[in-house]
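Just the heavy atoms: all of them, side chains too, but no hydrogens, waters or symmetry mates, feed the values below. These numbers were taken from a predicted model, which means no experiment stands behind them.
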Amino acid sequence: MSKTSSEIKFTIELDQNKVPETLSWTAKDGGVENEESKAIMLSIWDNVNKETLRIDLWTKDMPVDEMKIFFHQTLVAMADTYEKATQDDKMSATMKDFCDYFAEKLELKR
């Protein structure tokens with residue numbers, strides 16, 4: 001069996017103070033080519049040190065109201081992924097309850 005690989009690339013343009021001005025990403029296997037974004041949250045598991053490494057970036061012009069939605073949707077996705085990865089329905093439901101609370105307090109629910 002031969003192995004295949006796939007690449008996801010992030011390009012960050014910085015200002016003179018090293019603050020992101022533009023973010024874009026490419027994932028050719030997914031049909032994404034140099035797509036602009038305003039924020040990126042990336043978690044990487046370091047299995048040697050048993051810790052999570054993080055890259056959290058957002059552009060200067062990322063609106064706060066959109067950042068709140070981004071966080072909410074990320075939390076919901078994390079709860080879904082946790083459930084798929086662990087089959088821990090009870091804790092996943094607890095996480096989703098928190099997501100509902102988070103959305104309610106930020107007045108994100110319509």
Nearest heavy-atom pair of D56 and L42: which atoms, and what distance?
-> OD1-N, 4.2 Å
Can you hop from M41 to W45 via hydrophobic side chains spaced under 4.5 Å?
-> no
Above 12 or not: heavy atoms from other molecules or residues under 6.0 Å from NZ of K105?
-> no
With rounding to the nearest 0.5 Å, note down the distance linking CG in L108 to CD in Q73.
-> 9.0 Å
Taking all heavy atoms of D29 and all of S6, pick out the closest pair and write down the distance.
-> OD2-OG, 2.7 Å
Can you list the residues that meet the side chain to side chain contact (heavy atoms under 4.5 Å, CB included) rule with M78, with sequence neighbours excluded?
-> T74
Got a second to check how far D100's CG is from M95's CE, nearest 0.5 Å?
-> 12.5 Å
If you draw a 6.0 Å radius around NZ in K84, do more than 12 non-hydrogen atoms from other residues or ligands fall strictly inside?
-> no
For T22, which residues count as a side chain to side chain contact (heavy atoms under 4.5 Å, CB included) partner, sequence neighbours excluded?
-> E13
Under the criterion side-chain contact (heavy atoms from CB on, under 4.5 Å), which of K96, M91, Q87 is the partner of Y82?
-> M91
CD of E66 to CZ of F71, rounded to nearest 0.5 Å, is 14.0 Å
Output the distance between atom CG (L75) and atom CG (D80), rounded to the nearest 0.5 Å.
-> 11.0 Å
Which atom of E21 lies closest to which atom of D61, heavy atoms considered | O-OD1, 4.5 Å
Atom of L23, atom of W58 and distance for their closest heavy-atom approach = CD1-CA, 4.2 Å
Heavy-atom pair with the smallest gap, counting every atom of N17 and D15 | N-OD1, 2.8 Å
Atom CD1 of I55 and atom CD1 of I40: how far apart are they, to the nearest 0.5 Å?
-> 8.5 Å
If you draw a 6.0 Å radius around CD1 in I8, do more than 12 non-hydrogen atoms from other residues or ligands fall strictly inside?
-> no
Exercise: identify the closest heavy-atom pair between F102 and K68 = CE2-O, 4.0 Å
Approximate separation, where rounding is to 0.5 Å, of S43 OG and R54 CZ = 3.5 Å
pair K38-F70: side-chain heavy atoms closer than 4.5 Å | no
Of all residues at least two apart in sequence or in a different chain, which pass the side chain to side chain contact (heavy atoms under 4.5 Å, CB included) check with E35?
-> W25, V32
